[in-house]
Amino acid sequence: MFSNAQKLRILLIDDVETDRIVEKAMLVSLGITNVDEAENGAIARFKIENAINASSPYDLILSDWNMPMLNGIELAKILKKDDAMKNTPFILLTGIADEHKVHLALKIGVSDYVLKPVQKEILKEKLARFFKLSL
């Protein structure tokens, strides 16, 4: 468990409810309890805009790649053009192991990626890297 993780505000976006449940449980087990959820990128975009308007932006976006309405790549493109969100880490959760596609995602501004099924230790490493969290 991270000792200073409870301060983080994370938006977890995944169209598969069971994946969200598992991923959120991993975050909670790491000490991150302020986790909002969205079923797709369109709902996430609405939540992100509301958070910014309330002066309470997210510290991290964890987003599935393949989702209906607005996928993770499309959402990342939108957020990276927004001054309020362009520096917010955006980690893509994906079952796509195609190196070329992952490289393109990183090129458009995705901060990092985690292959699905998400493993707690990998997620922990990514979070520690972005937020200098300590155990």
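Counting from 1, the numbers follow the sequence of the chain as shown. The figures here come from the full heavy-atom set of this structure, side chains too, leaving out hydrogens, waters and symmetry mates.
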How long is the gap from [atom1] on [X] to [atom2] on [Y], to the nearest 0.5 Å?
X: I32; Y: M26; atom1: CD1; atom2: CE; result: 12.5 Å
X: M85; Y: I52; atom1: CE; atom2: CD1; result: 5.5 Å
X: I108; Y: L79; atom1: CD1; atom2: CG; result: 9.5 Å
X: E39; Y: L12; atom1: CD; atom2: CG; result: 10.5 Å
X: Y113; Y: L93; atom1: OH; atom2: CG; result: 12.5 Å
X: I61; Y: I48; atom1: CD1; atom2: CD1; result: 4.0 Å

With the side chain counted from C-beta on, respond yes when [X] and [Y] share a heavy-atom pair under 4.5 Å apart, and no when they do not.
X: M67; Y: L75; answer: no
X: L92; Y: F90; answer: yes
X: D15; Y: P68; answer: yes
X: L127; Y: L30; answer: yes
X: L11; Y: L62; answer: no

Distance-minimising heavy-atom pair for Y58 and I10: CD2-C, 3.7 Å

Considering non-hydrogen atoms only, spot the tightest contact between S111 and R129 and give its length. O-NH2, 4.0 Å

What residue pairs, at least two apart or across chains, pass salt bridge (charged side-chain N to carboxylate O under 4.0 Å, His left out) with a residue in [range]?
range: residues 92-101; result: none
range: residues 57-70; result: D64-K116
range: residues 75-85; result: D83-K86

Does R9 form a side chain to side chain contact (heavy atoms under 4.5 Å, CB included) with D36? I'd like the steps, not just the answer. CA-CA 8 Å; R9 185 156 190 249; D36 288 338; 3.1 Å; yes

same_hphob_cluster(L115, L106) at 4.5 Å side-chain heavy-atom cutoff: yes

Taking only residues two or more places apart in sequence or in another chain, which ones pass side chain to side chain contact (heavy atoms under 4.5 Å, CB included) with I122? V114, Q119, E125, K126

Report the residues that fulfil side chain to side chain contact (heavy atoms under 4.5 Å, CB included) with E74, sequence neighbours left out, ordered by chain and then residue number. L70, N71

E37: partners by side-chain hydrogen bond (donor to acceptor under 3.5 Å, both in side chains), with sequence neighbours left out: R20, K24

Would L60 and F131 satisfy side chain to side chain contact (heavy atoms under 4.5 Å, CB included), going step by step from the backbone distance to the final call? CA-CA 10 Å; L60 172 71; F131 298 106; 3.8 Å; yes

